[in-house]
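The structure under discussion appears below in the form of structure tokens.
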2 protein chains.
Amino acid sequence: MSARTAGGDKQSFIEQARRAQIVASATKVIAETRYAGASLALIAEDAGISKGVISYHFTSKSELMEEVVRRILAEVVEFVVESVKDRESATEVLRGQILAVAEHMRERPAAIMALHEIAANMRAPDGSLRSGIEASEEILRLLEGIYEMGQRTGEFRAFDCRVMAVTHNAAVNDMFAYWATHPGHDLDAHAAELADVFVRATREEPSA
Amino acid sequence: MSARTAGGDKQSFIEQARRAQIVASATKVIAETRYAGASLALIAEDAGISKGVISYHFTSKSELMEEVVRRILAEVVEFVVESVKDRESATEVLRGQILAVAEHMRERPAAIMALHEIAANMRAPDGSLRSGIEASEEILRLLEGIYEMGQRTGEFRAFDCRVMAVTHNAAVNDMFAYWATHPGHDLDAHAAELADVFVRATREEPSA
DNA sequence: CTAAATTTTGGCCGCTCGGTCAGAATCTAG
DNA sequence: CTAGATTCTGACCGAGCGGCCAAAATTTAG
């Protein structure tokens with residue numbers, strides 16, 4: 001029963017591989033059938049295994065979903081940080097973040113779709129709060145940090161960094177949702193426009 | 001079986017009243033238990049009627065949900081249009097729209113919550129698209145119109161009005177989501193900040 | 001009042017879901 | 001090879017869902 005024990009254990013390669021395989025199938029199935037349609041049966045079928053295997057490697061569906069979120073979130077953050085780390089001004093980091101996210105959306109749309117689905121639909125165990133919101137708190141804090149940096153260097157005007165981060169995050173997320181549901185929509189142009197909007201929003205402006 | 005016939009009919013007062021009552025209970029239950037938790041049984045219980053009555057007055061759960069969306073959307077649009085109709089510049093309409101929506105969120109949070117839940121979770125009959133997105137197309141067009149007006153009068157700089165409308169809509173929606181999940185968050189300050197951001201985004205700015 | 005039409009009830013159906021389990025299969029160590 | 005640990009299978013369970021319907025209750029029309 002070693003596979004069922006809690007997270008801290010050292011796990012065999014095959015154990016790790018199975019979990020990764022299941023997470024990959026879950027990601028794919030969620031992206032294709034939405035959160036509500038992603039049953040354990042479908043995920044198992046996609047992975048070419050029996051349904052019981054999922055229950056063997058994950059204590060519950062929630063745990064599987066949390067793992068999916070964890071992996072995709074780490075992937076996105078790594079991609080964006082890598083793409084932005086050399087930029088020097090806050091303005092350039094801002095632009096870079098938006099363009100990097102758009103690029104990543106084009107490369108791994110299923111992962112982003114799955115992330116959105118889970119974030120929108122999953123609840124904490126007690127049912128009181130969306131755990132998806134908790135998950136995106138990390139991203140919110142990173143964005144907030146960018147805006148705070150810009151204010152510290154005097155590049156940006158005064159504003160509420162939290163509100164700016166929430167707005168920025170919403171805009172980027174909805175860019176994906178719009179792109180995903182409107183075939184032919186120009187993601188690059190959208191991202192460029194977004195970058196423009198948020199850079200302008202950070203500038204001081206004379207007329208009230 | 002008159003109640004089951006399609007929409008065009010003249011319907012009795014009691015029929016209309018029952019439908020309105022069911023829609024009201026559905027709105028409340030969705031806001032309290034989220035879309036996935038809002039079963040016909042719970043809605044009927046809240047309305048103090050038998051489950052079968054819902055099936056009698058609505059051909060399906062989807063039809064009920066569509067009616068809920070229709071009513072809330074109409075309510076929001078009416079409130080905002082009423083609150084904005086006397087403003088003369090596009091900039092003032094923009095500000096007014098954001099502040100009006102925030103005010104409406106404070107007055108009828110359950111309705112807005114239900115709208116968000118359904119928009120995020122409902123699908124078109126063929127399962128291909130979110131009907132919630134279709135529903136919000138109306139709002140998107142209204143917003144697009146504001147930005148186009150500002151460009152026509154030379155008040156606003158050149159930008160993609162569609163992208164601006166999508167971004168604006170996302171920001172306002174997420175303002176609600178953040179407020180709903182973060183007790184103590186200052187909705188008025190958030191709305192004011194948002195208005196500032198989008199007004200600034202419409203302005204020409206010298207430094208590239 | 002009587003009869004027809006409308007509305008409501010409450011139990012029932014078939015379905016899908018997440019989760020469980022005994023036993024089979026596979027892998028590993030001695 | 002053998003024995004024990006690990007992993008997998010596929011059937012099964014109880015719960016909750018949307019929808020259905022015969023019969024009861026209520027309202028309306030004559």
Side-chain angles (χ1 to χ4, degrees), chain A residues 1-6 9-23 25-26 29-30 32-68 117-118 121-125 127 131, chain B residues 1-6 9-23 25-26 29-30 32-68 117-118 121-123 125 127:
Chain A
M1 62 149 79
S2 73
R4 288 175 169 276
T5 54
D9 301 357
K10 59 190 173 200
Q11 290 164 335
S12 64
F13 282 127
I14 160 167
E15 162 76 8
Q16 294 279 21
R18 258 283 183 270
R19 283 179 70 102
Q21 176 197 16
I22 293 169
V23 166
S25 285
V29 171
I30 292 166
E32 286 169 356
T33 69
R34 311 208 47 188
Y35 184 82
S39 65
L40 293 184
L42 270 181
I43 295 170
E45 185 189 343
D46 182 272
I49 58 179
S50 169
K51 201 178 57 159
V53 184
I54 299 179
S55 296
Y56 180 74
H57 292 279
F58 296 89
T59 61
S60 69
K61 192 182 183 183
S62 303
E63 196 212 323
L64 169 57
M65 294 300 147
E66 280 168 21
E67 177 100 5
V68 171
E117 281 296 321
I118 299 176
N121 288 290
M122 234 182 55
R123 282 173 158 284
S131 78
Chain B
M1 60 149 79
S2 74
R4 286 175 170 275
T5 54
D9 302 0
K10 60 191 170 197
Q11 289 163 336
S12 65
F13 280 126
I14 160 168
E15 161 77 9
Q16 294 279 19
R18 258 282 182 269
R19 282 180 70 102
Q21 177 197 16
I22 293 170
V23 166
S25 284
V29 172
I30 293 167
E32 285 168 357
T33 68
R34 310 207 50 189
Y35 184 81
S39 65
L40 293 184
L42 271 181
I43 295 170
E45 186 190 343
D46 182 272
I49 57 180
S50 170
K51 202 178 53 158
V53 183
I54 300 180
S55 295
Y56 179 75
H57 290 280
F58 296 89
T59 61
S60 69
K61 192 182 183 182
S62 303
E63 197 212 320
L64 169 57
M65 293 301 146
E66 281 168 21
E67 176 100 5
V68 172
E117 281 296 320
I118 300 177
N121 287 291
M122 236 183 54
R123 280 174 158 284

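First the proteins, then the strands, lettered A, B, ... as listed; each starts at 1.
- When the P atom of C:dG19 is taken as reference, atom CD1 of A:Ile54 falls 10 Å away, rounded to whole Å.
- If you take CD of A:Gln21 and P of D:dT7, they are 14 Å apart, rounded to a whole angstrom.
- The nearest whole Å value for the distance from the CD1 atom in B:Ile22 to the P atom in D:dG18 is 14 Å.
- Using a distance-only test at 3.5 Å, with no hydrogens or angles considered, no donor-acceptor pair links the side chain of B:Glu67 to the main chain of B:Val23.
- Side-chain nitrogen and oxygen atoms of B:Ser39 include at least one within less than 4.0 Å of the OP1 or OP2 phosphate oxygen of D:dC17.
- For B:Ser55, the listed nucleotide lying nearest its side chain is D:dG19; candidates were D:dG19, D:dC8, C:dG18.
- Between the P atom of C:dC17 and the CD atom of A:Glu45 lies a distance of 11 Å, rounded to the nearest Å.
- Remark: the backbone N or O of B:Glu63 is paired with a side-chain donor or acceptor of B:Ser60 at under 3.5 angstrom.
- In this structure, B:Tyr56 places its OH atom 18 Å from P of D:dA24, rounding to the nearest Å.
- In this structure, of C:dT8, C:dG19, D:dG19, it is C:dT8 that holds the atom nearest to the side chain of B:Val53.
- Between the P atom of D:dC17 and the CD1 atom of B:Ile43 lies a distance of 11 Å, rounded to the nearest Å.
- Taking only side-chain atoms of B:Ser50, from C-beta outward, the nucleotide of D:dT9, C:dT9, D:dG18 with the closest atom is C:dT9.
- A:Lys61 has its NZ atom 4 Å from the P atom of C:dG18, to the nearest Å.
- Proximity of a side-chain donor or acceptor of A:Glu117 to a complementary backbone N or O of A:Arg34 within less than 3.5 Å is not detected.
- Each of B:Lys51 and B:Arg18 has a nearest nucleotide on DNA chain C; the 5'-most of these lies closest to B:Arg18.
- At least one side-chain heavy atom of B:Met65 sits under 4.5 Å from a side-chain heavy atom of B:Ile30.
- Nucleotide C:dT9 holds its C1' atom 15 Å from the CG atom of B:Leu40, rounded to whole Å.
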